Every structure is written in structure tokens, then in C-alpha cells.
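Worksheet for the structure shown next.
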Amino acid sequence: MDPYEFLRLSPNPDGSLTRNYLFPSVPPVDKPLSDPNKPQLALSKDIPLNPTKNTFIRIFLPSNQPPSTKLPVILYFHGGGFVLYSVASLPFHQSCCAMASNFPALILSVEYRLAPEHRLPAAYDDAMDSLAWVRDQAINGDDPWLKEYGDLSKFFLMGSSAGGNIVYHAALRALEADLSSIRIKGLIMNVPYFGGVNRTESEIRMKDDKIVPMPANDLLWSLALPKDADRDHEYCNPIVAGSNNDGKIGRLPMCYVKIYGGDPLSDKQKEFSKMLESLGVHVVTCFDPDGYHAVELFDPRKAKAFYAEVKEFISTASPATNSSM
């Protein structure tokens, strides 16, 4: 198979990509719709993050949120192998609306820069910009939605696939950053995107997977990692990096890791979860033998089960308090 064709990518002479997306991009909707036949799970709006990098945050507020009700705040990173998609891509926009409504929570979805135009660690840098924005909002916030509805004593990082990888690396960086006004209560990593030079059994067995076939997976990593790096680089293989860890990993907050049996990446995700536990992290691993990579974007039943697990994790990691911003 041609991985470029599979991923609907066209390489350009300057090293950039033309992305021929299957899914449309949608604008935010910050006012209630007048059509009663169109259920509106959440309002949304875009906030500039770093104009020089063209990054921004799309905020999702559950519809019909009662006044004076404070919600958990979730900083979210979408999937796409670091190369594809946007906060505005229809599946991720809809998923954030659904999560905001189901948890319920204020979802802050980060538009981070994509590779290969901006190879790793660019996405991690953008994640730290977004954490700094949340910190500044906690100190002297001017965003009305976050001010009125956000409870930053219940603050989480969440990501799917590549977004799960970003959550992990951003959380490690955050341990050394000046984020004194906010505390990350937990990390929510849905089918986190990791790999390694040595193939796992699940990668070999599912090399022709319909979502993450091996040639496409290899191409994404070659585009995302620093030039000349292989898949045992710390950005890709947390197991290698974990063996050389200086105690930082054990200081991470409570973690949720979602794994599906039909995901070629499942063996590496299991290794990752076990590594975290071995280093003293409290990990909630939810394994579903029936499901594939990012299934919750396409299967409402799987999405419902996933939302229920995350809602329970949020409740466990941040017991009810009377605190607010």
C-alpha cells in the first residue's frame, strides 16, 4: 500500500504536505441554534493562543448550563499522528461537544502545530503554551466562560492517540514548569500513540489494520519525529525513556489509559501502562477487547462507554469540593 495515498497526503517539494481531508472543518458556534430539531450539545468559541504560531484554543461549554454551576476544566489534544487534523475537524469538534455535555466539563481543545512542517517537540511546546494560558486565567482570568463556569481545582489533561502522547510529555514538562496557580488532577490518555523500533506482537498481527496499518504508522512517525531520529526516541518510545527516568515519571498525577484489543498499538499501550505503575503512578487501565483505534469517534455505543469511564475517573481523581476559581 502507498501510505501517502492511504492518509490522503501529497508531499510538496519544500517538504510540506497537502492534506486532502476526508472530514470537513467546522466553525465554532457560540450562540444557541434556533432550530429545535438540531440538538446542540455545547456552545463553542475560538480563543487565540500564540498568534505567531497560528495556534488557538476552541472552548466547548455544555448547552443549558445552569448559572453558578462550576465544571471541571479539561485541556484536550486531538489525534492524527501529529500530522493530521485540527480542533475544527468534524469528528473532533463533535466529540468535544459530546464530552462537554456528557461529563459535563469545560473542554479546551488545543490547535497545535502539525508535522512535518513543525516536527516534535513543536506540539509539546504548544501544549505548554496552552498550560501557561490556563495558569494565567487562574491568576487573572478574563475569559467569561472559564471565569463563570470553570473550576480549576478540577483540572485535567486529556488526549486521544497522538493527543494522548502529548498529554504524557506535557505532564512531564509541567512538573518543572511554573504552574503554581493550577494543579493537574489527572491525565486522561485514550489509545495513546506510542511505538518503538522493535515491533510488538499486536503491530505484526494487525499490520493491515483499517485505521493504523503498519506502513501508515511508520510514515507518520518518520514525519513527526526529529530528523534522523528512530522510533526508540523518547518522544515515541516511553519504555526506553522510562528506563532512564530520573524519578519524574513517578511524580505524575493519577492516570487513565484506554486500550482496545483491536488496536495494533495495544501492546505498546499495555507496556506503557505497566511502566507507569511500576514507577509508582496510580493508573486506571480500561481494556476493551472489542474495539479499534479511535473507535469512539465512529461508534456511539463505544463512545457512551468511554464517556462513562472518563466521568468516573474525573470523579475519583477530584472528589467533590466547594472550591471554585
Side-chain angles (χ1 to χ4, degrees), residues 72-77 103 105 120-121 123-124 127-128 130-132 134-135 152-198 200-202 231-261 263 265-288 306 309-321 323:
V73 177
I74 298 176
L75 193 63
Y76 177 79
F77 302 90
F103 292 160
L120 293 174
Y124 306 152
M128 296 311 294
S130 66
L131 274 168
V134 174
R135 175 204 63 201
L152 282 171
S153 73
K154 300 177 180 179
F155 178 57
F156 293 81
L157 303 188
M158 179 178 185
S160 295
S161 192
N165 176 305
I166 293 171
V167 163
Y168 174 66
H169 286 285
L172 287 175
R173 285 190 180 194
L175 293 172
E176 309 300 329
D178 176 18
L179 300 172
S180 54
S181 58
I182 55 172
R183 181 175 166 230
I184 301 168
K185 285 287 191 177
L187 310 181
I188 302 165
M189 293 171 281
N190 176 41
V191 295
Y193 188 51
F194 295 117
V197 169
N198 295 326
T200 64
E201 189 278 330
S202 62
R231 292 192 306 277
D232 278 340
H233 190 281
E234 63 180 312
Y235 297 160
C236 178
N237 192 346
I239 312 305
V240 170
S243 65
N244 301 317
N245 115 86
D246 55 4
K248 281 174 65 174
I249 295 174
R251 292 163 53 203
L252 290 173
M254 188 173 176
C255 293
Y256 164 97
V257 180
K258 181 67 177 185
I259 305 171
Y260 291 102
D263 185 348
L265 310 181
S266 57
D267 282 353
K268 183 58 71 174
Q269 292 157 359
K270 290 174 185 175
E271 288 180 23
F272 170 67
S273 182
K274 288 176 181 175
M275 178 203 73
L276 292 177
E277 287 186 325
S278 72
L279 295 172
V281 181
H282 180 180
V283 183
V284 176
T285 304
C286 291
F287 177 74
D288 181 348
F306 170 60
E309 289 173 0
V310 174
K311 185 174 182 176
E312 175 65 24
F313 176 80
I314 292 170
S315 175
T316 301
S318 58
T321 67
S323 53

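These numbers were taken from a predicted model, which means no experiment stands behind them. Numbers for residues simply follow the sequence, beginning at 1.
Of all non-hydrogen atoms in Pro72 and Ile314, the two that sit nearest each other are CG-CG2, 4.0 Å. Summarising the geometry of Cys286 relative to Glu309, their closest heavy-atom pair is CB-OE1, 3.4 Å, with the distance given to 0.1 Å. When all heavy atoms are compared, the tightest approach of Tyr124 to Asn165 is OH-OD1, 2.6 Å. When all heavy atoms of Ile182 and Leu131 are compared, the closest pair comes out as CD1-O, 3.9 Å. When all heavy atoms of Val281 and Pro253 are compared, the closest pair comes out as CG1-O, 3.6 Å. The two residues Ala127 and Ala170 have their closest heavy-atom pair at CB-CB, 3.8 Å.
Under the 4.5 Å side-chain criterion, counting only non-hydrogen atoms from C-beta, Ser130 is in contact with Phe77. Under the 4.5 Å side-chain criterion, counting only non-hydrogen atoms from C-beta, Met158 is not in contact with Asn190. Counting heavy atoms from C-beta outward, Asn237 and Arg231 have side chains that stay 4.5 Å or more apart. Inter-residue side-chain proximity for Thr200 and Lys270 is flagged as unmet; no heavy-atom pair is nearer than 4.5 Å.
Ring-plane geometry between Phe272 and Phe194 is classed as tilted, the angle between the planes lying from 30 to 60 degrees on a 0 to 90 degree scale. Relative ring orientation between Tyr256 and Phe313 is described as tilted, the plane-to-plane angle lying within the 30° to 60° band.
For the pair Thr285 (side chain) and Val257 (backbone), a donor-acceptor distance under 3.5 Å is absent.
Annotation: the span from Leu175 atom CG to Lys248 atom NZ amounts to 6.0 Å, rounded to 0.5 Å. For the atom pair NZ (Lys185) and CD1 (Ile74), the distance works out to 14.0 Å, reported to the nearest 0.5 Å. Rounding to the nearest 0.5 Å places NZ of Lys268 at 5.5 Å from CD1 of Ile239. Taken to the nearest 0.5 Å, the CD1 atom of Ile259 stands 9.0 Å off from the CG atom of Asp267. Atom OH of Tyr168 sits about 9.0 Å away from atom SG of Cys255, to the nearest 0.5 Å. Separation of atoms CD1 (Ile184) and CG (Leu152) is listed at 11.5 Å; rounding is to 0.5 Å.
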*Given the rule in the side-chain contact (heavy atoms from CB on, under 4.5 Å) test, do Leu276 and Ile249 qualify, once you have shown the distances and angles that lead to the verdict?*
CA-CA 7 Å; Leu276 292 177; Ile249 295 174; 3.7 Å; yes
_Derivation of the side-chain contact (heavy atoms from CB on, under 4.5 Å) call for Lys258 and Asp288_ = CA-CA 8 Å; Lys258 181 67 177 185; Asp288 181 348; 3.9 Å; yes
*Could you go step by step and tell me if Glu312 and Val284 meet the side-chain contact (heavy atoms from CB on, under 4.5 Å) rule?*
CA-CA 11 Å; Glu312 175 65 24; Val284 176; over 6 Å; no
*In sequence, state the C-alpha distance, the side-chain angles, and the governing distance for Ser318 and Phe155, and then conclude on side-chain contact (heavy atoms from CB on, under 4.5 Å).*
CA-CA 9 Å; Ser318 58; Phe155 178 57; over 6 Å; no
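For Arg183, the CZ atom is loosely surrounded, since the number of other residues' heavy atoms within 6.0 Å does not exceed 12.
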